[in-house]
Amino acid sequence: MEKKTFTLAVIGCGRFANWFMPLFKAHPNVKKMYACDLIESKAKDFEERFGLEIIKTYEEVLERKDIDCVLNFTERHLHGSIVKRALLAGKHVFSAVPMASTVKECEEIVELVKKTGLIYMMAETCYYYPCAMYCREAYEQGKFGKFVYGASQYYHDIDSIGYGKVKGEAGMPPLLYPTHSTSMILSAVGSFVKKVTCVGYKDTENDGRFGKGNNLWDNEYSNQYVFMELENGGVARVTEARRIGWRKPSSYISALYGTNGGYEFSNAQHILVERDYKYGEEEHVKFQEVSDYVNLTELTEHKNDVDFKEKVANGEWQWNGNAPVQQKEVERLPEEFKAFPNGHMGSHKLLVDDFLRAVRENKQPILNAWKAARYTVPGLVAIESLKQGGIPLEVPDFGDCDN
């Protein structure tokens with residue numbers, strides 16, 4: 001008989017986990033939840049606010065036969081080991097990004113999922129961002145033609161990022177954490193990376209975060225820029241910037257071009273241009289602004305405000321709610337979710353439901369281990385390219401999910 005409810009343990013009771021707890025608790029497929037954190041006060045906070053029982057150690061979580069799933073919200077550079085141990089213990093895994101910190105760990109996670117048949121899902125919010133969903137939709141409809149070039153980025157200044165004040169972790173190489181950018185552009189054109197070449201901005205602020213001896217990686221670069229040759233023949237540029245005078249939107253596809261059309265975005269304006277002539281005839285394109293379809297509904301409601309553009313640049317109306325392009329996905333969400341806010345451009349509810357749906361149906365989710373590797377590994381290889389003077393390097397690929 002198909003199991004319909006599951007027991008979950010959240011590992012790492014920090015800020016990112018905090019946003020997801022009400023949704024996991026409310027989901028009809030969740031029976032019980034536990035909290036586990038090395039800092040006892042953080043686990044206690046989750047116990048008091050969300051009604052989660054405390055388990056003191058990760059070892060106990062792995063030993064408990066009643067726990068079906070591990071929700072990994074630990075520090076970014078620790079994910080590989082946490083995830084592998086959970087899979088080896090027979091637990092399904094929902095993990096914050098990135099997948100892991102080394103190419104070898106990514107491959108090992110793919111192999112473990114393949115061997116065990118367990119569910120692994122990377123909680124990549126930007127896969128569900130309206131701009132990514134729109135570009136996937138338009139590309140599948142043939143509006144771009146063959147993919148030629150695209151660009152995506154994660155602009156998040158180190159002073160406003162969660163780990164920016166954590167000694168040793170603050171200077172993490174930006175491309176160790178590339179999946180916001182890679183998931184958007186690669187999912188939009190349905191391809192993966194074959195080769196990368198990378199350059200970077202060597203930080204000069206001398207604030208103790210970047211530079212040799214200042215972080216766990218001796219990383220000197222606050223901004224890293226990678227050009228990627230894709231399997232479909234197109235080229236993409238991904239930027240991961242941590243020292244940049246720009247606030248919002250932080251993650252987005254700025255451009256996507258094909259042989260027949262293109263998409264561009266800046267601040268709150270989304271534009272589609274399609275070629276409307278045959279070669280040899282008079283040159284003409286069809287211009288369409290699609291902002292009301294792609295922007296979150298609340299943002300669109302304020303588009304005639306005098307200070308609209310400035311507020312958008314400061315992150316107003318870009319957290320909760322949904323965009324019209326997301327509506328088809330939103331319609332399948334549990335009724336229980338209606339009482340709770342969303343997050344990260346309308347992505348949180350979709351992430352939670354996709355994971356629990358995958359566990360219930362015993363079918364790998366769209367953000368499975370194979371996809372997670374394709375979104376994570378190019379950044380890790382790009383870091384090595386930069387270390388070697390920006391030389392082109394091949395990117396290993398571990399194939400597609402087969403279920």
Side-chain angles (χ1 to χ4, degrees), residues 6 20 23-24 27 29 69-72 79 83 87 92-100 106 109-114 116-141 147 150 152 178-193 230-232 236 251 253 256 294 322-323 325-334 337 342-379 397-403:
F6 305 92
F20 285 87
L23 297 175
F24 275 112
H27 199 283
N29 293 131
C69 310
V70 163
L71 311 179
N72 173 38
H79 290 178
V83 170
L87 292 169
H92 302 294
V93 178
F94 177 89
S95 180
V97 299
M99 185 184 201
C106 292
I109 292 170
V110 169
E111 290 302 315
L112 278 171
V113 171
K114 199 184 300 184
T116 63
L118 291 164
I119 301 302
Y120 168 90
M121 178 169 163
M122 185 173 72
E124 179 44 68
T125 56
C126 289
Y127 178 87
Y128 298 95
Y129 268 34
C131 63
M133 294 182 75
Y134 175 73
C135 285
R136 285 199 295 273
E137 179 183 284
Y139 185 76
E140 288 168 5
Q141 291 171 352
F147 173 64
S152 59
T179 60
H180 291 339
S181 304
T182 53
S183 67
M184 290 188 293
I185 198 75
L186 296 177
S187 71
V189 299
S191 192
F192 58 92
V193 183
L230 306 192
E231 189 274 338
N232 65 8
S251 294
I253 297 173
L256 195 150
V294 184
N322 290 105
V325 71
Q326 296 171 310
Q327 191 55 39
K328 287 182 182 178
E329 293 293 330
V330 171
E331 288 171 358
R332 47 86 167 176
L333 292 173
F337 278 6
N342 216 331
H344 276 104
M345 301 288 279
S347 64
H348 288 185
K349 292 179 180 181
L350 296 170
L351 283 165
V352 171
D353 188 56
D354 271 0
F355 174 67
L356 290 165
R357 183 186 296 261
V359 172
R360 187 186 73 232
E361 297 176 358
N362 193 31
K363 184 177 179 181
Q364 294 297 332
I366 190 68
L367 290 172
N368 54 63
W370 292 263
K371 284 277 180 64
R374 283 179 167 174
Y375 298 158
T376 304
V377 171
D397 182 68
F398 309 127
D400 288 301
C401 177
D402 57 6
N403 99 346

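Source: prediction; values computed, not measured. These values consider heavy atoms only, across backbone and side chains, with no hydrogens, waters or symmetry-generated copies.
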Note to self: Test of understanding: with salt bridge (Lys or Arg N to Asp or Glu O under 4.0 Å), list the residues that count as partners of D354, not counting sequence neighbours.
What the structure shows: R332
Note to self: If the condition is side chain to side chain contact (heavy atoms under 4.5 Å, CB included), which residues does A96 pass it with, not counting sequence neighbours?
What the structure shows: F16, F73, H79
Next item on the list: Identify the two heavy atoms, one from I366 and one from K371, that lie closest to each other, and give their separation to 0.1 Å.
Entry: O-CG, 3.3 Å
Item checked: Distance in Å, I185 CD1 paired with C135 SG, rounded so as to fall on 0.5 Å steps -> 7.0 Å
Note to self: Looking at T376 and A373, would you say the former's side chain and the latter's main chain have a donor-acceptor pair under 3.5 Å?
What the structure shows: no
Margin query: Side chains of F398 and I109, heavy atoms from C-beta outward: is any pair under 4.5 Å?
Written below: no
Check: Looking at CG of L333 and CG of N342, how far apart are the two atoms once the value is rounded to the nearest 0.5 Å?
Finding: 8.0 Å
Item checked: Pairwise distance CH2(W370) to CE(M99) - rounded to 0.5 angstrom -> 9.0 Å
Margin query: Contact between Y129 and S183 at the side-chain level, heavy atoms closer than 4.5 Å - yes or no?
Written below: no
Next item on the list: Output the distance between atom CG (L350) and atom CD (Q326), rounded to the nearest 0.5 Å.
Entry: 6.5 Å
Note to self: Donor-acceptor pair, distance only, cut-off 3.5 Å: does the side chain of S251 make one with the backbone of H180?
What the structure shows: no
Note to self: How long is the straight-line distance from CG of L23 back to CG of L351, given to the nearest 0.5 Å?
What the structure shows: 9.5 Å
Item checked: Considering all heavy atoms, the nearest N322-G346 contact -> ND2-O, 3.4 Å
Next item on the list: Run the salt-bridge test on D353 and R360 with the 4.0 Å N-O cut-off and return the result as yes or no.
Entry: no
Notebook entry, point to check: Under the side chain to side chain contact (heavy atoms under 4.5 Å, CB included) criterion, do I119 and Q364 qualify, and how do the steps go?
Noted result: CA-CA 6 Å; I119 301 302; Q364 294 297 332; 3.8 Å; yes
Check: Which pair of non-hydrogen atoms, one from H348 and one from F20, has the smallest distance, and what is that distance?
Finding: CD2-CZ, 3.5 Å
Item checked: From NE2 (H27) to NZ (K349), nearest 0.5 Å -> 11.5 Å
